[in-house]
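The structure appears below as C-alpha cells.
All of these numbers come straight from a predicted model, not from anything done at the bench. Just the heavy atoms: all of them, side chains too, but no hydrogens, waters or symmetry mates, feed the values below.
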Amino acid sequence: MASSPASLSRVNNLTAERIRDKVRASRMKGMWMGGYVPLGYDVKDRKLVVNEEEAATVRGIFERFVEVGSATVLARELRRKGLRNKQGTLVDKGYLYRVLVNRVYRGDAVHKGKAYPGEHQAIIDQKLWDQVHAILRESPRKRANNTRAQAPALLKGLIFTATGAAMTPSSTKKGARRYRYYVSMDVIKNREPSDEGIPRRLPADLVEAAVVTELRRVMRAPSITAQVISHLAREGHAFAEADVISALQTFEDVWGQLFPAEQTRIVQLLVRRVTVTSEGLEIDVRTDGVSGVMRDMMAPRKKVAAE
C-alpha cells in the first residue's frame with residue numbers, strides 16, 4: 001500500500017531531525033563535520049589538521065591587527081602583499097573580520113553559535129584572541145581615530161622655518177577628534193621669533209598634502225622619467241622603459257594604498273627639506289631618490305612575473 005503524503009512528510013521530518021541531532025552531538029564532541037575549511041587547516045581523515053605555513057599567516061593576521069587596530073588598513077596591506085584565501089581570492093576587509101571572529105582558531109567546534117572544545121589544535125592562544133576582541137569591541141569610529149593618532153608624522157625631521165627653527169609634530173584633541181600640527185621649536189622653547197611673518201604653527205594635514213602633491217608632480221615630469229630610466233640602466237636593472245613609465249604614472253594610485261609607515265619612508269627618501277616661509281612652502285625634492293622608490297615598486301612585480 002502506498003504511503004500517504006502526510007506519512008512521507010512525517011518520515012522526512014523525522015529523518016531531518018535525526019540528522020540535526022547527529023550533527024549537534026558530533027559538534028558537542030568537537031568533531032569536524034565538513035564544509036568550509038578555514039585558512040590555517042587542511043582536512044585529513046575527516047579531521048582538521050594544522051597547515052603550518054597557513055597557520056603562520058593566520059597568526060600574523062591576528063598579531064598585525066593588534067598593531068594597526070583597523071581591518072581596512074590591514075586588508076589594504078595584505079592585498080598589496082598578494083595574500084589570498086584558500087579559494088585563491090585576494091583577501092578583503094569582510095574576509096579578515098570572518099577570520100578574526102572564527103572560534104575554530106581557538107580550537108573550538110561551533111554549532112548554532114555555541115562553542116565546544118574541538119578535536120583539532122588551536123592556532124591562536126587565549127591572550128592574542130583576547131587582545132583582538134578587545135579591539136573589535138571598540139566602536140569603528142574609535143578604532144579609526146586610534147589608527148590616525150598612531151600614524152607617524154610624514155615630515156618629522158624634514159620641516160623647518162626659514163629662520164632655521166625645526167618644526168615638530170604636535171596634536172590636540174577636542175571631543176572625539178584629534179588635530180595634528182607642526183609647531184616651531186621657537187614656540188615650544190618660548191623663544192622670540194626673528195621673523196614675525198613666518199607661521200609658527202601649521203595644520204599637519206595641509207602641509208603634508210602640499211608635499212605629496214609636489215611629489216606627484218615630480219613623478220609625472222618627463223625629465224624625471226628620463227633620469228630614472230637612465231639611472232636604473234646604469235645600475236644594471238633590466239626594467240623595460242614601458243614598466244618604468246607605468247610605475248611613475250601609477251605612483252599616485254599606489255600612494256593611496258600605502259600604510260602610513262610606508263608613506264613616511266618614501267617621503268624620507270624623496271624629500272630633503274621643507275622650508276616654511278612668509279610666502280608659503282619651499283619643498284626641496286631629492287630627484288635622485290626617485291629611482292630607488294621606483295626600483296622598490298617594480299621589484300615585486302618582476303619577481304611575481306618570474307614565478
Do Thr275 and Thr161 touch side chain to side chain, with heavy atoms closer than 4.5 Å?
no
Would the distance check show the side chain of Thr213 and the main-chain N or O of Ala209 forming a donor-acceptor pair, the cut-off being under 3.5 Å?
yes
Hey, does Val290 have a side-chain heavy atom less than 4.5 Å from the side chain of Met219?
yes
With the side chain counted from C-beta on, respond yes when Tyr105 and Val99 share a heavy-atom pair under 4.5 Å apart, and no when they do not.
yes
Cluster link Val187 to Ile159, ILVMFWY, side chain under 4.5 Å
no
Please assess Lys156 against Leu154 for the test side-chain contact (heavy atoms from CB on, under 4.5 Å), listing each intermediate value before the final yes or no.
CA-CA 6 Å; Lys156 184 176 181 180; Leu154 210 58; over 6 Å; no
pair Met167-Val276: side-chain heavy atoms closer than 4.5 Å:
yes
Show me the side-chain donor-acceptor pairs of residues 37-44 shorter than 3.5 Å, one per line, residues at least two apart or across chains.
unit_1 : atom_1 : unit_2 : atom_2 : d
Tyr41  : OH     : Val104 : O      : 3.4
Tyr41  : OH     : Gln121 : O      : 2.6
Asp42  : OD1    : Lys86  : NZ     : 3.2
Asp42  : OD2    : Asn51  : ND2    : 3.1

Interatomic distance, Leu96 atom CG to Asn85 atom CG [nearest 0.5 angstrom]:
10.5 Å
What is the distance from atom CZ of Phe160 to atom CE of Met185, rounded to the nearest 0.5 Å?
11.0 Å
Flag yes if Leu78 and Val101 sit in one hydrophobic cluster, no otherwise; membership is Ile, Leu, Val, Met, Phe, Trp, Tyr, and two members link when side-chain heavy atoms are under 4.5 Å apart.
yes
Do the side chains of Val68 and Arg64 get nearer than 4.5 Å, heavy atoms only?
yes
Within-4.5 Å side-chain heavy-atom neighbours: Ile283 and Val285
yes
Working note: Val183 + Arg200, criterion side-chain contact (heavy atoms from CB on, under 4.5 Å); need CA distance, chi angles, decisive distance, verdict.
CA-CA 6 Å; Val183 181; Arg200 297 191 296 162; over 6 Å; no
How far apart are the closest heavy atoms of Asp186 and Ala165, and which atoms are they?
OD2-CB, 3.7 Å
Regarding Arg201 and the six-membered ring of Tyr182, is the cationic atom NZ or CZ under 6.0 Å from the ring centre and inside 45° of its axis?
no
Atom CD of residue position Gln126 - does it have more than 12 heavy atoms of other residues, nucleotides or ligands inside 6.0 Å?
yes
Would you check if Thr277 and Ile198 make a side-chain contact, meaning some heavy-atom pair closer than 4.5 Å?
no
Residue pair Gln268 / Leu158: nearest heavy atoms and the distance that separates them:
NE2-CD1, 3.7 Å
What's the separation between atom CG in Leu128 and atom NE2 in His133, rounded to the nearest 0.5 Å?
9.0 Å
With sequence neighbours excluded, tell me which residues meet salt bridge (charged side-chain N to carboxylate O under 4.0 Å, His left out) with Arg106.
none
same_hphob_cluster(Val212, Val274) at 4.5 Å side-chain heavy-atom cutoff
yes
d(Tyr95 OH, Leu83 CG) to nearest 0.5 Å is 7.0 Å
With a sphere of 6.0 Å drawn around CD of Gln87, does it hold more than 12 non-hydrogen atoms of other residues, nucleotides or ligands?
yes
All heavy atoms of Phe65 vs all of Leu136, minimum pair found to be CZ-CD2, 3.6 Å
Mind checking whether Ile123 and Phe62 have side chains closer than 4.5 Å, heavy atoms only?
no
What's the shortest heavy-atom distance between Gly107 and Ala122, and which atoms?
N-CB, 3.6 Å
Using the side-chain hydrogen bond (donor to acceptor under 3.5 Å, both in side chains) criterion, which residues pair with Arg217? Sequence neighbours excluded.
Glu214
Rounding to 0.5 Å, atoms CG (Leu206) and CG (Leu281) come to a distance of 7.5 Å
NZ/NE/NH1/NH2 to OD/OE distance under 4.0 Å, Arg180 and Asp205
yes
Could you state whether Val58 and Val49 fall into the same hydrophobic cluster, counting links through intermediate Ile, Leu, Val, Met, Phe, Trp or Tyr residues with side-chain heavy atoms under 4.5 angstrom apart?
no
Check the hydrophobic clustering (I, L, V, M, F, W, Y; side-chain heavy atoms under 4.5 Å; chains of links allowed) and say if Val267 and Tyr181 are grouped together.
no
In Å, rounded to the nearest 0.5 Å, how long is the span from CG of Leu74 to CZ of Arg79?
12.0 Å
Hey, are Glu63 and Arg59 close enough for a salt bridge, meaning a charged N less than 4.0 Å from a carboxylate O?
no
